[in-house]
There are 2 protein chains.
Amino acid sequence: MKKTILVFSLLIFALLLLFQLSNYAVVSGDFSIQFIIATIAIVFFMVGVFIHKKSLKTNRKSSTAIDYKKIKALEITDREYEVLQGISEGLSNKEIADKLFLSESTIKTHVSNILLKLNAKRRTQAIQIAKDFQII
Amino acid sequence: MKKTILVFSLLIFALLLLFQLSNYAVVSGDFSIQFIIATIAIVFFMVGVFIHKKSLKTNRKSSTAIDYKKIKALEITDREYEVLQGISEGLSNKEIADKLFLSESTIKTHVSNILLKLNAKRRTQAIQIAKDFQII
DNA sequence: TGTATTTTGGTACTTTAGTATGAGCTCCTA
DNA sequence: TAGGAGCTCATACTAAAGTACCAAAATACA
């Protein structure tokens, strides 16, 4: 946010500078009016592109970031979340169990709880719901 | 592509128009030079934003667009692809069968073939691989 | 220190997923 | 017109996935 303010301050400053420059230029006749207009057009076109680029970057970050608040809101525990990640990686219960050094029974318990909390019937549906919620 | 050419043509035309307008304005003294500069700055700033938005849309499409060539390369048929979409939506074989007005047996056959072609052990893994390949 | 939550794991069971194999059908093409 | 590709469906089977219920540790927390 601070950067945005800085950028806009600089923009206004640049505009004011242009005013002065244009006054001088027109009076003295050093530059043609067309040249000034073209310069302004190009510069502000580039500024527009730049600003938009920046704003999109911020948005894109928030669109792919994991919504940890949502995870809490769904009452998904740390262990359950680890299991959910395993599911989304396409692992079987046995593979998740080996990865986390747990028994398959434990994973099954966790999976059942995850399905309840995500209101899913299957693990594949859980993947979809979790992606919609942006928690994976 | 045709649209891009059109937009740029219009831009050049607008610029030429501005040249004429500015000449007239300065000579006649109807508008202050500052007003003209400010107008140009704002207009071209917006044009910059707009153009960048458009270009990003095209890029974003290609980044999230479905890689149909890849589907062909993997020799995934039309029907199989429909089933794959069902899988990625978190549907069961029975649900996919009902959706496509087919028997569950048929879906199982398709799923087996999809798993072979994607080199996946499970449907959850198929989802991951298909997303990596950007075919869903 | 007692209580709540989380984590772990088991048994027994039902359901779904996936494999293997065979077969009939349509459409296209060499 | 014979063969290939794709689509459909069935049976029979094995392997996972998922449910229900229970219970013992471990951890957190007031």
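All values below were derived from every heavy atom in this structure, side-chain atoms included, with hydrogens, water molecules and symmetry-related copies excluded. Within every chain, numbering begins at 1; the chains are lettered A, B, ... in the order of the sequence lines, protein sequences first and strands thereafter.
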(message) In this structure, how many angstroms lie between the C1' atom of C:dT16 and the CG atom of B:Leu91, rounded?
(response) 14 Å

(request) Taking the side chain as every heavy atom from C-beta outward, state whether A:Lys70 and A:Gln134 have any atom pair closer than 4.5 Å. (result) no

Under 3.5 Å, sequence neighbours excluded: what are the donor-acceptor pairs made by side chains of residues 116-123 of chain A?
from: A:Lys117; atom 1: NZ; to: A:Glu75; atom 2: O; distance (Å): 2.7
from: A:Lys117; atom 1: NZ; to: A:Glu80; atom 2: OE1; distance (Å): 2.7
from: A:Lys117; atom 1: NZ; to: A:Glu80; atom 2: OE2; distance (Å): 3.1
from: A:Arg122; atom 1: NE; to: B:Gly90; atom 2: O; distance (Å): 3.2
from: A:Arg122; atom 1: NH2; to: B:Gly90; atom 2: O; distance (Å): 3.4
from: A:Arg122; atom 1: NH2; to: B:Glu95; atom 2: OE1; distance (Å): 2.7
from: A:Arg122; atom 1: NH2; to: B:Glu95; atom 2: OE2; distance (Å): 3.4
from: A:Arg123; atom 1: NH1; to: A:Leu91; atom 2: O; distance (Å): 2.9
from: A:Arg123; atom 1: NH2; to: A:Asn93; atom 2: OD1; distance (Å): 2.1

(request) Under the side chain to side chain donor-acceptor pair (under 3.5 Å) rule, collect the residues that match up with A:Glu104, sequence neighbours excluded. (result) none

(message) I'd like to check B:Asp98 versus B:Lys94 (side-chain heavy atoms, cut-off strictly below 4.5 Å). Are they in contact?
(response) yes

(message) Under 4.0 Å from a heavy atom of chain B: give me the 5'-most and 3'-most nucleotides of DNA chain D that qualify.
(response) D:dG6 to D:dA17

(request) Return the value, rounded to whole Å, for the distance between atom CZ of B:Arg123 and atom P of C:dA17. (result) 5 Å

(request) Please lay out, stage by stage, how B:Lys99 and B:Gln85 fare under the test side-chain contact (heavy atoms from CB on, under 4.5 Å). (result) CA-CA 11 Å; B:Lys99 195 177 177 183; B:Gln85 285 179 319; over 6 Å; no

(request) To the nearest Å, give me how far apart CG (A:Leu115) and P (C:dT16) are. (result) 13 Å

(message) Could you report the tightest heavy-atom contact between B:Ile127 and A:Thr124, atom names first, then the distance?
(response) CD1-CG2, 3.9 Å

(request) Describe the nucleic acid contact of A:Ser92 in one word from base, sugar-phosphate, nothing, applying a heavy-atom distance below 4.0 Å. (result) sugar-phosphate

(request) Look at B:Arg122 and C:dG18 and indicate whether a side-chain polar atom (N or O) is within less than 4.0 Å of OP1 or OP2. (result) no

(request) Starting from the first five and the last five pairs of the helix from C:dT1-D:dA30 to C:dA30-D:dT1, work out the angle between the resulting helix axes, to 10 degrees. (result) 50°

(request) Check the distance between C:dT16's C1' and A:Lys108's NZ and give it to me in whole angstrom. (result) 12 Å

(message) To check you understand the geometry: which heavy-atom pair defines the closest contact between B:Gly86 and B:Ile96, and what is its length?
(response) C-CD1, 3.8 Å

(request) Provide the closest heavy-atom pair for A:Ile71 versus A:Tyr81 in the form atom of the first, atom of the second, distance. (result) CD1-CE1, 3.5 Å

(message) If I compare all heavy atoms of A:Leu84 with all of A:Ile114, which pair ends up nearest, and what's the gap?
(response) N-CD1, 3.8 Å

(message) Using the side chain to side chain donor-acceptor pair (under 3.5 Å) criterion, which residues pair with B:Asn113? Sequence neighbours excluded.
(response) none

(message) Check this one for me: any side-chain N or O of B:Asn93 less than 4.0 Å away from OP1 or OP2 of C:dT16?
(response) no

(request) Assign each of A:Thr124 and B:Glu104 to its nearest nucleotide of DNA chain D by heavy atoms, then name whichever residue's nucleotide is nearer the 5' end. (result) B:Glu104

Sub-3.5 Å pairs of nitrogen or oxygen atoms, protein against nucleotides 6-9 of chain C:
from: C:dT7; atom 1: OP1; to: A:Arg79; atom 2: N; distance (Å): 3.4
from: C:dT7; atom 1: OP2; to: A:Thr77; atom 2: OG1; distance (Å): 2.5
from: C:dT8; atom 1: OP1; to: A:Arg79; atom 2: NE; distance (Å): 2.7
from: C:dT8; atom 1: OP1; to: A:Arg79; atom 2: NH2; distance (Å): 2.6
from: C:dT8; atom 1: OP2; to: A:Arg79; atom 2: NE; distance (Å): 2.9
from: C:dT8; atom 1: OP2; to: A:His110; atom 2: NE2; distance (Å): 3.2
from: C:dG9; atom 1: OP2; to: A:Ser103; atom 2: N; distance (Å): 2.9
from: C:dG9; atom 1: OP2; to: A:Thr106; atom 2: OG1; distance (Å): 3.0
from: C:dG9; atom 1: O5'; to: A:Thr106; atom 2: OG1; distance (Å): 3.4

(request) Can you see which heavy atom on A:Ile66 is nearest to which on A:Ile135, and at what distance? (result) CG2-O, 3.6 Å

